[in-house]
Structure formats: structure tokens, C-alpha cells
Amino acid sequence: MAKRKKIALIGAGQIGGTLALLSGLRNLGDVVLFDIVEGMPQGKALDLQHLAPVFGLDFSITGTNNIADIKGADVCIVTSGLPRKPGMSRDDLVKTNADIIRTIGAGIKEHAQGAFVIVVTNPLDVMTQLMQKVTGFPTNMVVGMAGVLDTARYQAFLAQEAKVSITSVAATVLGGHGDDMVPVRSYTTCGGVPIEQVVAKDRLDAIEKRVRGAGGEIVALLKTGSAFYSPAASAISMAECYLNDKKKILPAAVSCNGEYGVKGIYLGLPVIIGAGGVEKIVEIELNDAERAALAKSADAVRSVVAIAGA
Ligand code: TXD
């Protein structure tokens, strides 16, 4: 009989709590929810234990403040971090979250050898790079979630514009998770038809601008906190690819070793995720403008690497 999988959720905030809910609803396995705030992960876990009978779900969920409880996890999804506070610069935030990732990375290294690690904490690409460095895990086993979310935003806006089902739009967004992300128009289609034949150029320009700023648009509306439903769903879809050996092609922050002319940093590229983690980086032909945009995005990531000491 197949052993139940163990999912360690590190950080039990807005995204962490939603990850726990989705893990249960999609029957990923048993969940351990960890946070440094006393009582909070335990409270969320207890609440979710009471949801299980309502839907007839046989998953176990525990909340903890002891990182050792992630022992034997198959997948670790890391959302621990602090949001920017008034008076705090972006650089300050990078250093603070880098310290948190160093602590958590040491815990994962000690207790969850062999796990597939999905990092969600911002600044995404650099925190993922740091996680790989601290754990020393093979690069194919440490990835960052951003491209799935940025692509979903692109798809959602395009489907609304074209007035078609979301399932008719295929798109991809590459690069770092920031203002310089690269919606790849040349690989975006609606019903298999190149998107430029379906949506007018000025509308495409406006939609791509909105995709780049979508995270900020949500922050401005929420006033406190940032997007959490769709980021959680995106990370869960990546965990499912690994756990079910789906071999799906999706964009994720991965360690670049010369692909697309980028080396030595983590950056969002199309990859195949299956039981071997990141099984392959897929190289697609980009046009000159897209290649230049990707190089610019890589430069933006490099500038943060130095601040984080990754
Ligand atoms: O696409 C993407 N990758 C993202 C990333 C999309 C949206 C949000 N993104 C980032 O995810 C966001 O900028 C944050 O860095 C993370 C987590 O977002 P979330 O909305 O879940 O933040 P919360 O609610 O503040 O939760 C963070 C939790 C909180 O409960 C803290 O107590 C906890 O992290 N925390 C820690 N947990 C464990 N260990 C340590 N050291 C720690 N420090 C803080």
C-alpha cells in the first residue's frame, strides 16, 4: 500500500493557511503547519481538522512551533517571511527575509533531507537561491513559485479580454518575480491562434503592464497583506506535479546554468516538473525583444543577490 505523503508548510500566515486548506481539499497527503507564532499554526490546524469531516476528507493536519516536526517531509513549501513595514526599505526587507530563510533552510537541511522544496517568500528568485545554498540540496530539488502565478494572471486578463474560457488561453510569463517579469507574447495563444491575431496590440500592451503590477494592485486593494489564494493554488499545483510525477511544463524559478544565456542565479524559466523535481529546463526560441527583456530581468535579480548575500 502506498505510504501517505507528508507536506510541510513552513509559515502559517495567509498563504500558509490557504496551502493547508488546499492540501486537504486536493488530498495531497498529511500536513504539518509550522510557524514561530505560538498557538497560531495549532489553531489553524484544529480548525482544518474540523473541516475534514464536513467534506469526508481523511487527511491529518498538525500545527507546530517545533521545526523538528517536519521530519520526513516529501514536500516543503516555504512562505515564512515578513511583509514590508512602514519605514523599512526594500533592502531592509531583503536582509530580514534572508535571515529567516537561512534559519528555515538549516531546519529543512536537518530534518527533511530529500524533500522537494518550493519557496514562495519574496524577493522570490533570490530567496530560492539562498534556500538552495543553505540546504545544499541538489538544484533540481529547490524551486521558486512565481511564474505559475504570473502566468495565471496573464491568462485571466486575456480570457476576460477575449471573452473566452480560461482553458482556451495558453500563456507563459518568464523572468524574475518583479516589475521586469517577461510575459512571452510570442508563445501566447487563444484557442491555438497566436494572441496578436486575437487581441489588439494596444490592449495586449495594457494587459501585460497590468500583469506586471497585479501583485501591487491587490496589495493596494487589501490595504494589509498581499495576494494569497492564487499564490497558494500555484504552489499546490507545483507540489502536485512532483508528487504525481506529472511532468508538466510550467514556469518556475530555477538555477540557471547557461540556459537563455543566464548563469549562476535563480530565474523564472519553463521547466518540466515530475518525480525527479525539476527534470529539465525547456529552451524555447524567444524573439530579440523577449531575450533582451529576460536579460534585463536577470540583471534586476542579480542586484538583489548581492544584498541578500545569496
Ligand atoms: O508569487 C509569489 N512568490 C508571491 C510571494 C505572491 C504573493 C506573496 N508572496 C510572498 O509570500 C510575500 O511577499 C511573503 O514574503 C510570503 C508569505 O506571504 P503571506 O501573505 O503568507 O504572509 P504572512 O501572512 O505575513 O505570513 C508569513 C508568516 C507569518 O505567519 C510569520 O509569523 C511567519 O511567516 N514567519 C516565520 N515562520 C517560521 N519561521 C520564521 N522564522 C518566521 N518568520 C516569520
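Read the numbers this way: they start at 1 and go in the same order the structure lists the ligands and their atoms.
Considering only non-hydrogen protein atoms, atom 3 (N) of ligand 1 sits nearest to Met145 O, 2.8 Å. Remark: minimum distance from atom 18 (O) of ligand 1 to any protein heavy atom is reached at Ile15 CD1, 3.5 Å. For atom 9 (N) of ligand 1, the nearest non-hydrogen atom of the protein is Asn122 ND2, 3.4 Å. Ranking the protein heavy atoms by distance from atom 38 (C) of ligand 1 puts Phe34 CE2, 3.5 Å first. For atom 5 (C) of ligand 1, the nearest protein heavy atom (residue, atom name, distance) is Val120 O, 3.0 Å. The single protein non-hydrogen atom nearest to atom 29 (C) of ligand 1 is Asp35 OD2, 3.5 Å, given as residue, atom name and distance. The protein heavy atom nearest to atom 17 (C) of ligand 1 is Thr79 O, 3.1 Å. The protein heavy atom nearest to atom 22 (O) of ligand 1 is Gln14 N, 4.5 Å.
Atoms of ligand 1 found under 4.0 Å from any heavy atom of Leu124 (numbered from 1 in listed order, with element): 3 (N). Near His177, meaning under 4.0 Å from any of its heavy atoms, are these atoms of ligand 1: 1 (O), 2 (C), 4 (C). Atoms of ligand 1 found under 4.0 Å from any heavy atom of Met40, numbered from 1 in the order shown, are 30 (O). Atoms of ligand 1 found under 4.0 Å from any heavy atom of Val37, numbered from 1 in the order shown, are 32 (O). Listed by atom number, the atoms of ligand 1 under 4.0 Å from Ser226 heavy atoms are 8 (C). Each of the atoms 1 (O), 6 (C) of ligand 1 lies under 4.0 Å from some heavy atom of Leu149. The ligand atoms of ligand 1 that sit less than 4.0 angstrom from a heavy atom of Ser80 are 34 (O), 35 (N), 36 (C), 37 (N), 38 (C), 42 (C).
Ile10 does not count as a contact of ligand 1, since none of its heavy atoms falls under 4.0 Å from the ligand. At least one heavy atom of Ile100 sits less than 4.0 Å from an atom of ligand 1. Within the 4.0 Å heavy-atom cutoff, Met127 does not count among the residues contacting ligand 1.
Under the side-chain contact (heavy atoms from CB on, under 4.5 Å) rule, Ile10 has a single partner from Val32, Ile70, Leu33, Leu19, which is Ile70. Partner Ser80 forms a side-chain contact (heavy atoms from CB on, under 4.5 Å) with one of Val120, Ile100, Val119 and no other, that one being Ile100.
At a cut-off of 3.5 Å, with distance as the only test, a side-chain donor of Asp150 or His177 sits close to an acceptor on the other residue. A side-chain N or O of Tyr154 and one of Glu208 form a donor-acceptor pair less than 3.5 Å apart. A donor-acceptor contact closer than 3.5 angstrom links the side chains of Glu290 and Ser186. No donor-acceptor contact under 3.5 angstrom links the side chains of Ser297 and Asp180, judged on distance only.
Looking at Asp205 and Lys201, a side-chain N of the basic residue comes within less than 4.0 Å of a carboxylate O on the acidic one, giving a salt bridge. Salt bridge annotation for Asp288-Arg291: absent, with no cationic side-chain nitrogen under 4.0 angstrom from a carboxylate oxygen. For Arg212 and Asp179, the salt-bridge test fails: no basic side-chain N is under 4.0 Å from an acidic carboxylate O. In summary, Arg102 and Asp99 engage in a salt bridge, as defined by a charged side-chain N under 4.0 Å from a carboxylate O.
Distance check for atom 24 (O) of ligand 1: a protein heavy atom is found below 4.0 Å.
Hydrophobic clustering (side-chain heavy atoms under 4.5 Å, transitive across Ile, Leu, Val, Met, Phe, Trp, Tyr) keeps Tyr187 apart from Val164.
Among Gly81, Gly107, Gly11, the residue whose heavy atom lies nearest to atom 27 (C) of ligand 1 is Gly81. By heavy-atom distance, the residue among Ala214, Pro231, Ala232 lying nearest atom 6 (C) of ligand 1 is Pro231.
Within the 4.5 Å cutoff, the side chain of Pro183 has no heavy atoms near those of the Thr188 side chain.
For the atom pair CE (Met145) and OG1 (Thr121), the distance works out to 10.0 Å, reported to the nearest 0.5 Å.
Taking only nitrogen or oxygen atoms, main chain and side chain alike, Asn97 does not reach within less than 3.5 Å of ligand 1.
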